[in-house]
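One structure is given below, encoded as structure tokens.
We count ligands from 1, going down the list as the structure has it; atoms in each ligand are counted the same way.
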Amino acid sequence: MTDPQLQHYSDAELETLLAEWLPHQRWFAAKGRTVAAVRIMLREHLTDTPAFGADHLLVTVEFESGDEQLYQVPLGYRTHLPDELAHWALPRPDGSGDDRTHAYDGLRDQEIIDLYAHSIATGQVYGPVELHTVPGTVIEEGLRGRALSAEQSNTSVVLGEQLLLKLFRRITPGVNPDVELHLALGEAGCRSVAPVRAWIDAEIGGVRTTLAMVQDFAANSADGWSMALGSVRDLLLEADLRADEVGTDFAGESQRMGAAVAEVHALLAQSLGTSQRDVGDIVDGMLRRLEAAGAVVPELAEVAPAVRARFAEAAATGTTTVQRVHGDLHLGQVLRTPEHWLLIDFEGEPAKSLDERREPDSALRDVAGMLRSFDYAAHHSLHDAASEAAAAQREFRAQEWAQRNSAAFCDGYASESGVDPREFAALLRAYELDKAVYEVVYEARHRPQWIRLPLNAIRRMTQAD
Ligand SMILES: Nc1ncnc2c1ncn2[C@@H]1O[C@H](COP(=O)(O)OP(=O)(O)O)[C@@H](O)[C@H]1O
Ligand SMILES: O=P(O)(O)O[C@H]1O[C@H](CO)[C@@H](O[C@H]2O[C@H](CO)[C@@H](O)[C@H](O)[C@H]2O)[C@H](O)[C@H]1O
């Protein structure tokens, strides 16, 4: 029996199917919004073999509200869909028969990944796309690829356990800060990032726009979030021990992490400069975000006056030094290699515009991001305890873990930079609250069952002296 032929999908057919499929993808940034239509902006045909086909798409998503977002979507086509690809398939057109070719996320297909790896190694890219390689870089041919887990804002593929190809999903015209800052830090000889070796861009609407980047893959690394959760879990299991007596005490790691963040900040300041900014201006942005968040999550109304009071304390502190920063630092953005800590993902908060993400900010934003993350890790593992007394005890111990690691992180930061973030308590607290407000909206949209973590933290922070 011969296999059925691959059937072509028209642009119009794909647009209809993508409008249904895109909102369910983890990397779709507009969760909760109604898609009015999808338009294909670019469709580059990559291959047609008897077994499979592939296209590379850039699509514009139009929302009911009238605005648009641009997404990058590699698609594969097969007549028979292997079980492991079923999860990544687009719906099939209404009324299509059993032999209708399947369309699916191309980056989940080994053979299509190989095609991209070959293209990067040989420099043979498609259509208007350009590949730029950092001088001295040689990307081997024939590196086998595997896509990383699905829970990401973008899609990353490990090539030969040596390199990581990160394909940006939501595309914003301009240079992606992930490439921009990684390149600057690489040139400055920073030890605490994985160097970028190449990037891919194209001119979109007259603007050179980043589509993907290739950086060193840190094999055998563990992410800070998993390590921190392990430490908290062990502490909560050992009811009679203090945090510093438990084998997986994390404070030494937090201290080294603080030093790594300080190194990155110093090199970003050195390479890309610093300036002075009125804290009042920074706080105006925080107030605007608080108001916008209140429209999404009504529970914020109850804590908003106390948050505003904290913001006002920060605004009264005058001016502060600003520089390029990471912008969305948390425990999931640091990797512990066998040697040291690496910071990854310099894209900034996905919900902000590119201009906002590239705006110089206080280094305290990143410090606050990490302090929030210690609080998340500490409280994430608290389940309903058998009695109120037991719950209070577990809460107390979780809180102690967060404080111990926050202090160690600040100690490490201060030892590397000579500046202790805790000296700027009012501004640091304002950044922590701003981040927690962002998190409330993030959780409402992505993980509603987690929303109590940032909401409770805001209550604690606004009640504390
Ligand atoms: N250089 C690297 N080496 C090893 N693993 C990495 C590297 N960069 C990222 N990762 C892994 O990929 C995951 C997603 O990376 P990230 O840059 O945060 O992507 P996203 O923007 O999609 O969230 C990280 O949680 C980490 O596990
Ligand atoms: O890693 P991303 O750039 O996609 O960042 C977004 O998702 C994060 C969650 O994956 C989110 O981080 C929040 O949850 C973390 C635990 O999962 C916690 O460690 C962070 O402190 C907390 O902010 C991040 O805010 C969001 O931008």
Side-chain angles (χ1 to χ4, degrees), residues 25-29 31 72 107 146-170 176-179 181-182 185-186 192-197 210 212-229 232 257 326-338 341-352 357 365-381 402 405-406 409 431-447 449-454 457-458:
Q25 303 315 299
R26 163 65 173 86
W27 40 263
F28 187 69
K31 293 275 181 335
Q72 186 165 213
L107 282 189
R146 63 177 172 92
L148 284 181
S149 91
E151 293 303 308
Q152 291 176 39
S153 309
N154 299 293
T155 301
S156 295
V157 173
V158 183
L159 299 175
E161 304 301 307
Q162 294 172 21
L163 295 170
L164 191 80
L165 164 66
K166 178 171 176 179
L167 181 120
F168 295 107
R169 290 296 192 159
R170 184 175 169 200
N176 191 306
D178 214 3
V179 170
L181 299 188
H182 265 111
L185 288 165
S192 306
V193 293
V196 161
R197 302 297 178 189
T210 314
M213 72 178 197
V214 179
Q215 68 182 142
D216 284 359
F217 175 67
N220 303 319
S221 58
D223 73 276
W225 174 250
S226 318
M227 289 175 71
L229 283 190
V232 175
M257 199 191 292
H326 181 285
D328 188 20
L329 197 60
H330 56 81
L331 283 162
Q333 309 280 39
V334 287
L335 296 179
R336 180 67 163 90
T337 73
W341 284 101
L342 289 181
L343 276 62
I344 59 170
D345 196 3
F346 284 74
E347 265 200 288
E349 283 172 6
K352 285 187 176 161
R357 290 189 268 137
R365 175 173 292 287
D366 289 343
V367 174
M370 201 53 95
L371 302 191
R372 287 289 312 119
S373 215
F374 290 129
D375 181 80
Y376 250 77
H379 291 91
H380 176 262
S381 312
N405 285 284
S406 298
F409 180 87
Y431 273 113
E432 286 177 87
L433 284 166
D434 184 46
K435 181 76 187 182
V437 168
Y438 162 85
E439 288 164 348
V440 168
V441 177
Y442 178 88
E443 300 302 1
R445 293 202 166 125
H446 295 262
R447 308 180 291 198
Q449 70 282 15
W450 291 47
I451 200 168
R452 65 174 177 86
L453 289 173
I458 295 176

Met370 contact mode with ligand 2 (heavy-atom cut-off under 4.0 Å):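 It is neither; nothing of Met370 touches ligand 2.
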Per-residue contact class, Glu349 against ligand 2 - non-hydrogen pairs under 4.0 Å: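 For Glu349, there is no contact with ligand 2 at all, from either part.
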Ligand 2 contacted by His446 (non-hydrogen, < 4.0 Å):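 No heavy atom of His446 comes that close to ligand 2.
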Option of least heavy-atom distance to [atom] (set: [options]):
atom	options	answer
atom 23 (O) of ligand 2	Arg26, His330, Glu439, Gln152	Glu439
atom 10 (O) of ligand 2	Tyr442, Trp225, Phe374	Tyr442
atom 1 (N) of ligand 1	Leu148, Asp216, Thr337	Asp216
atom 13 (C) of ligand 2	Arg447, Arg372, Glu347, Lys435	Arg447
atom 14 (C) of ligand 1	Arg170, Arg26, Gln152	Gln152
atom 20 (P) of ligand 1	Asn220, Asp223, Asp345	Asp345

Whether Trp450 and Tyr376 hold their rings parallel, tilted or perpendicular, with breakpoints at 30° and 60°: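 Judged by the thresholds at 30° and 60°, the geometry between Trp450 and Tyr376 is tilted.
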Nitrogen or oxygen atoms of Ser153 and ligand 1 under 3.5 Å apart: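 Between Ser153 and ligand 1, an N or O pair is found under 3.5 Å apart.
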Geometric N/O contact Ala218 with ligand 1, under 3.5 angstrom: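 Ala218 vs ligand 1: N/O contact under 3.5 Å present.
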Heavy-atom side-chain contact between Leu229 and His380 under 4.5 Å: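 Leu229 reaches His380 side chain to side chain.
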Geometric N/O contact Ser373 with ligand 2, under 3.5 angstrom: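 Yes, there is a polar N/O contact under 3.5 Å.
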N or O contact, Tyr438 vs ligand 2, cut-off under 3.5 Å: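 The answer is yes, given that Tyr438 and ligand 2 share an N or O pair closer than 3.5 Å.
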Asp345: numbered ligand 2 atoms lying under 4.0 Å from its heavy atoms: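 Those of ligand 2 that fall under 4.0 Å from Asp345 are 3 (O).
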Pair His326-Gln333, side-chain donor/acceptor within less than 3.5 Å: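 Checked: His326/Gln333 side chains show no N/O donor-acceptor pair below 3.5 Å.
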